[in-house]
Protein chains: 2
Amino acid sequence: MREELTNELLFFFNGFSSWENSIVRASDLTISEAHALEVLGEHEKINMKSLAQKLGVTTGTTTVTVDRLEKKNFAKRESIQEDRRVNLIVLTEKGKKAFEEHHNYHIQLTEQMVSVLSEDEIKQFNDTLKKINMETF
Amino acid sequence: MREELTNELLFFFNGFSSWENSIVRASDLTISEAHALEVLGEHEKINMKSLAQKLGVTTGTTTVTVDRLEKKNFAKRESIQEDRRVNLIVLTEKGKKAFEEHHNYHIQLTEQMVSVLSEDEIKQFNDTLKKINMETF
DNA sequence: TCTTATTGTTTGGTATTCAAGATGTATTAT
DNA sequence: ATAATACATCTTGAATACCAAACAATAAGA
């Protein structure tokens, strides 16, 4: 790797927690609750194990997070007859509304971040991120 | 913002903790210790306040982190005559070695991440990241 | 039926962080 | 010179986040 590229590219991996802090300040959600909300907003119903996997944490951790979302009335557990071990998590109306707000805030921040780029640059940047496939990291 | 770009760009802000976990597994460092080590490796001597600022945390938090680095013999505090309130933090030999290893690991991971890109793409990607100036987020 | 696998919860412990207060030292104003 | 103020750092108390391992209930297979 060429030395003049290193700094930005290394930095790429670091320090992305500051925007999470702004979520905490701007909403009634903690960071882990906000992460869970992001996943729940994309799924009508999802069980604890899948949710934990998508969040990249253990089911024990997810239990606690969902407990809190339930206590705050953002989500609720629903049991199913097919398998009585399973809980499906669904957003309440309040949860759906919070998801929309959070999502809009996320979009707004992203727009602000790329606002210094031209349309072509945004497209190129996006293609590159897609190629890099960050989900594997 | 055009809808087809949204997913990647939003994802850009999320989920960069997984590589940090691999640091913890691959070394004797916790995440906050590794962050501090990154800063300390770039500075011969740095005081607590500057270190805290560069880490984006309070000095109280930094005290705890440096305590642990000191206990593990990665760094040590040095006092100065000019101002006896101040502690300058410096890496020990063990700390310097750990920094090099950590840094190499960081580079290796970054190289792996951009290995799917052409030279031109890497350059363009790098320029774009510079423009975005992620340090403000 | 008995054993094994799976889903989710609980428990005990560590890490990370902040806010607010305390301590010691330096600087400034009187 | 003394008093007031500012500053660097540390300490304390509390909240959040997380994991590993043990546990409970249910499902599935031999």
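Residue numbering restarts at 1 for every chain, and letters A, B, ... go by the order of the sequence lines.
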Asks: C:dT16 phosphate, OP1 or OP2: any side-chain N/O from B:Ser32 under 4.0 angstrom?
Replies: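 It does, given that an N or O in the side chain of B:Ser32 lies less than 4.0 Å from OP1 or OP2 of C:dT16.
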Asks: For A:Ala75, give me all partners under side-chain contact (heavy atoms from CB on, under 4.5 Å), at least two apart in sequence or on another chain.
Replies: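 Only A:Leu40, A:Leu69, A:Ile89, A:Leu91 meet the side-chain contact (heavy atoms from CB on, under 4.5 Å) criterion with A:Ala75.
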Asks: List in numerical order all residues of residues 56-71 of chain B for which some heavy atom is under 4.0 Å away from an atom belonging to DNA chain D.
Replies: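 Of all residues in residues 56-71 of chain B, the ones placing a heavy atom under 4.0 Å from DNA chain D are B:Thr59, B:Gly60, B:Thr63.
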Asks: With A:Ser118, which residues qualify under side-chain contact (heavy atoms from CB on, under 4.5 Å), at least two apart?
Replies: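 Expected list: A:Asp120, A:Glu121.
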Asks: Among pairs that include at least one residue of residues 88-98 of chain B, which meet salt bridge (Lys or Arg N to Asp or Glu O under 4.0 Å), considering only residues two or more places apart or in two chains?
Replies: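 For residues 88-98 of chain B: B:Glu93-B:Lys96.
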Asks: Could you pull out all residues at least two apart from A:Asp28 that satisfy salt bridge (charged side-chain N to carboxylate O under 4.0 Å, His left out)?
Replies: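 A:Asp28 satisfies salt bridge (charged side-chain N to carboxylate O under 4.0 Å, His left out) with no other residue.
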Asks: Does anything in residues 61-73 of chain A pair up under salt bridge (Lys or Arg N to Asp or Glu O under 4.0 Å), and if so which pairs, sequence neighbours excluded?
Replies: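 Counting only pairs at least two positions apart or across chains, the salt bridge (Lys or Arg N to Asp or Glu O under 4.0 Å) contacts touching residues 61-73 of chain A are A:Glu33-A:Arg68, A:Glu33-A:Lys72, A:Asp67-A:Arg77, A:Glu70-A:Arg77.
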Asks: Kindly write out the residues that satisfy side-chain contact (heavy atoms from CB on, under 4.5 Å) with B:Val39, not counting sequence neighbours, or none if the list is empty.
Replies: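 Per chain and number, B:Val39 pairs via side-chain contact (heavy atoms from CB on, under 4.5 Å) with B:His43, B:Ile46, B:Leu51, B:Lys54, B:Leu55.
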Asks: In residues 75-88 of chain B, what residues come within less than 4.0 Å of DNA chain C, judged by heavy atoms?
Replies: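 Result for residues 75-88 of chain B: B:Asp83, B:Arg84, B:Arg85, sorted by number.
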Asks: Could you tell me which residues satisfy side-chain contact (heavy atoms from CB on, under 4.5 Å) with A:Glu78, sequence neighbours excluded, listed by chain and number?
Replies: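 Listed in chain order: A:Lys45, A:Lys76, A:Val90.
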Asks: Could you give the CD1-to-P distance, from A:Ile31 to D:dC18, as a whole number of Å?
Replies: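 For the pair A:Ile31 CD1 and D:dC18 P, the rounded distance is 9 Å.
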Asks: For the pair B:Ser79 (side chain) and B:Asn87 (backbone), establish whether a donor and an acceptor sit closer than 3.5 Å, ignoring hydrogens and angles.
Replies: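 Pair absent, no side-chain N/O of B:Ser79 close to backbone of B:Asn87.
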